[in-house]
Number of protein chains: 2
Amino acid sequence: MKAIRPAWDEGTKKRLIDAAGKVFARHGFRAATIREICKCANAAVSAVNYHFGDKKGLYLAVFEYCNRRAIEKYPHDLGLDSEATAEERLRVFIRSFLLRGLGDGFPAWHEKLIAQEVADPSGIFGKVAETAIRPMDEYLEKVIREFLRKENSAQEPDVCLVELCRMNVIGQCIFQIHIRQLMPLAATKILEPAQITAIADLIFQFSVGGIRAIAAGR
Amino acid sequence: MKAIRPAWDEGTKKRLIDAAGKVFARHGFRAATIREICKCANAAVSAVNYHFGDKKGLYLAVFEYCNRRAIEKYPHDLGLDSEATAEERLRVFIRSFLLRGLGDGFPAWHEKLIAQEVADPSGIFGKVAETAIRPMDEYLEKVIREFLRKENSAQEPDVCLVELCRMNVIGQCIFQIHIRQLMPLAATKILEPAQITAIADLIFQFSVGGIRAIAAGR
DNA sequence: GACAGTTTCAAACAGTTGTTATAAATATTA
DNA sequence: TAATATTTATAACAACTGTTTGAAACTGTC
């Protein structure tokens with residue numbers, strides 16, 4: 001029996017990562033099946049175990065790949081001048097977050113995979129939190145602390161308030177991403193970068209108002 | 001012939017609903033297994049099919065039960081005076097949302113189940129959206145529209161801005177619920193109503209500042 | 001007691017899951 | 001070319017999935 005290898009073959013390993021990203025993002029670790037992934041990747045079921053050991057190995061590989069590429073493509077500061085104000089850094093942070101979550105292809109998986117981990121943790125969340133979430137949190141924390149300090153006449157802001165503001169900003173971004181990935185119509189239509197920037201700027205406006213209100217304390 | 005049907009709150013049926021709520025909330029529809037639910041409810045596996053037809057029937061029953069009880073216990077206005085200002089209604093809406101999501105027992109499942117549906121839709125989302133999400137959305141929409149109208153000297157606010165504000169408020173609430181359900185320490189410790197109110201009021205403060213900033217348009 | 005309706009339980013069903021053993025196909029090197 | 005290592009394909013494995021079966025155990029009424 002002559003096996004037919006597709007001409008567009010650019011390596012089973014790469015195709016598996018791509019397919020697994022799609023399927024894991026859609027169903028989460030538990031509900032995703034190796035067979036669906038392999039069918040999606042035009043590969044045999046045994047390919048997963050050969051290249052990645054087991055299902056969890058593939059999952060980790062996908063996470064590492066997405067995380068690395070997403071931050072590489074859309075870093076938190078989007079190459080902003082390091083002398084930029086806290087306000088400007090916040091605006092850009094929100095834009096980068098939305099670009100990662102609403103863009104086409106693998107960057108969108110990144111946020112969706114994290115969402116799946118939040119919904120039904122698979123046990124690797126600790127590792128993910130360290131490499132993907134922690135650095136982002138610390139970056140945003142610094143930005144917001146600086147912002148609040150300026151608003152509050154250089155007085156060191158309350159830790160709880162900083163955390164609350166950080167959560168609120170992230171919450172808004174994540175909700176936007178989820179709601180737009182969920183809507184059946186939006187699923188087919190990818191948002192243009194300009195549209196994403198527009199949404200990001202509105203969230204920025206809202207957040208600045210919110211942070212100022214928290215800083216004012218009433 | 002009068003069939004002797006046990007009260008809804010008694011017997012295996014009730015225990016199954018309780019157990020299924022817990023397991024579905026933790027793992028989602030696909031990844032949850034009937035056997036885990038039945039073990040949790042001290043029931044035989046066939047009990048599910050006897051009482052609810054199939055897995056999906058149980059899932060729907062859980063959703064209906066949670067939804068009804070959660071809104072019953074914490075309605076959107078928490079019994080507020082119907083003459084209350086939009087600002088006060090918003091404050092109370094946020095508090096009721098957090099109480100539903102962070103309280104003990106079944107109210108907490110409610111939001112978690114919706115989150116699971118968002119993460120990996122099981123096909124019944126249309127039904128859920130109609131009965132659980134749509135009414136909440138419309139209530140909040142009215143509140144925010146009224147708020148914006150007052151801020152903007154009775155001028156009818158832009159539809160997109162109303163929607164954005166609504167999403168941002170919901171996003172903040174949902175994120176708070178998720179993050180607190182995720183943290184391993186918080187899982188054991190249930191928040192006191194007073195603590196929940198405190199968090200809700202901070203989100204309210206933040207949101208009011210945000211909405212005002214959006215209304216001001218800069 | 002006997003009887004009929006309702007509910008439980010253990011066992012088994014067919015289908016799917018992750019994983020693996022083995023052989024075939026391909027790539028690499030001498 | 002031949003020999004070797006790497007990669008892919010097939011089929012099977014045991015464990016688990018939702019569901020069904022049929023017999024037992026209840027329930028209340030006569």
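Per chain, numbering begins at 1; letters A, B, ... match sequence-line order.
Residues passing the side-chain hydrogen bond (donor to acceptor under 3.5 Å, both in side chains) test with A/S207, sequence neighbours excluded: A/Q172. In this structure, the salt bridge (charged side-chain N to carboxylate O under 4.0 Å, His left out) partners of A/D201, at least two apart in sequence or on a different chain, are A/R91. Under the side-chain hydrogen bond (donor to acceptor under 3.5 Å, both in side chains) criterion, B/D158 pairs with no residue, sequence neighbours left out. Residues that satisfy the salt bridge (charged side-chain N to carboxylate O under 4.0 Å, His left out) test with A/R30, not counting sequence neighbours, are A/D120. With sequence neighbours excluded, no residue forms a salt bridge (charged side-chain N to carboxylate O under 4.0 Å, His left out) with B/E64. Residues forming a salt bridge (charged side-chain N to carboxylate O under 4.0 Å, His left out) with B/E130 (at least two apart in sequence, or on another chain): B/R134.
Atom pair B/L58:CG and D/dG18:C1' shows a separation of 12 Å (rounding to whole Å applied). One atom, CG of A/L16, and another, P of D/dA9, lie 10 Å apart when rounded to the nearest Å. Computed from coordinates, the B/Y50 OH to D/dA25 C1' distance equals 13 Å when rounded to whole Å. A/F52 has its CZ atom 18 Å from the C1' atom of C/dT20, to the nearest Å. Distance B/H27 NE2 to D/dG18 P: 12 Å, rounded to the nearest Å. One atom, CG of B/N42, and another, C1' of C/dT7, lie 16 Å apart when rounded to the nearest Å. As rounded to whole Å, 15 Å separates atom P of D/dG18 from atom NZ of B/K39.
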Could I get a table of every N or O pair under 3.5 Å where one atom is in the protein and the other is in nucleotides 22-24 of chain D?
none

Within the sub-3.5 Å range, which N or O atoms of nucleotides 14-18 of chain C have a protein N or O partner, and how far apart are they?
unit_1	atom_1	unit_2	atom_2	d
C/dG18	OP1	A/A32	O	3.3
C/dG18	OP1	A/I34	N	3.3
C/dG18	OP1	A/K55	NZ	3.0
C/dG18	OP2	A/I34	N	3.0
C/dG18	N7	A/R35	NH1	2.8
C/dG18	O6	A/R35	NH2	3.1

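Contact between B/A19 and B/I37 at its shortest, heavy atoms only, is CB-O, 3.5 Å.
Of the inter-residue distances, the one linking B/L164 atom CG with B/I214 atom CD1 reads 5.5 Å to the nearest 0.5 angstrom.
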Solution key, residues 109-119 of chain B side-chain donor-acceptor pairs under 3.5 Å, sequence neighbours excluded:
unit_1	atom_1	unit_2	atom_2	d
B/H110	NE2	B/N67	OD1	3.1
B/K112	NZ	A/A119	O	3.4
B/K112	NZ	B/A25	O	3.4
B/Q116	NE2	A/A119	O	2.8
B/Q116	NE2	B/A25	O	3.0
B/Q116	NE2	B/R26	O	3.3
B/E117	OE1	B/S122	N	3.2
B/E117	OE2	B/Y59	OH	2.6
B/E117	OE2	B/S122	OG	2.7

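Using a 4.0 Å heavy-atom distance criterion, B/A44 is classed as a base contact.
Phosphate proximity of D/dT6 to A/H51: absent, as no side-chain N or O sits under 4.0 Å from OP1 or OP2.
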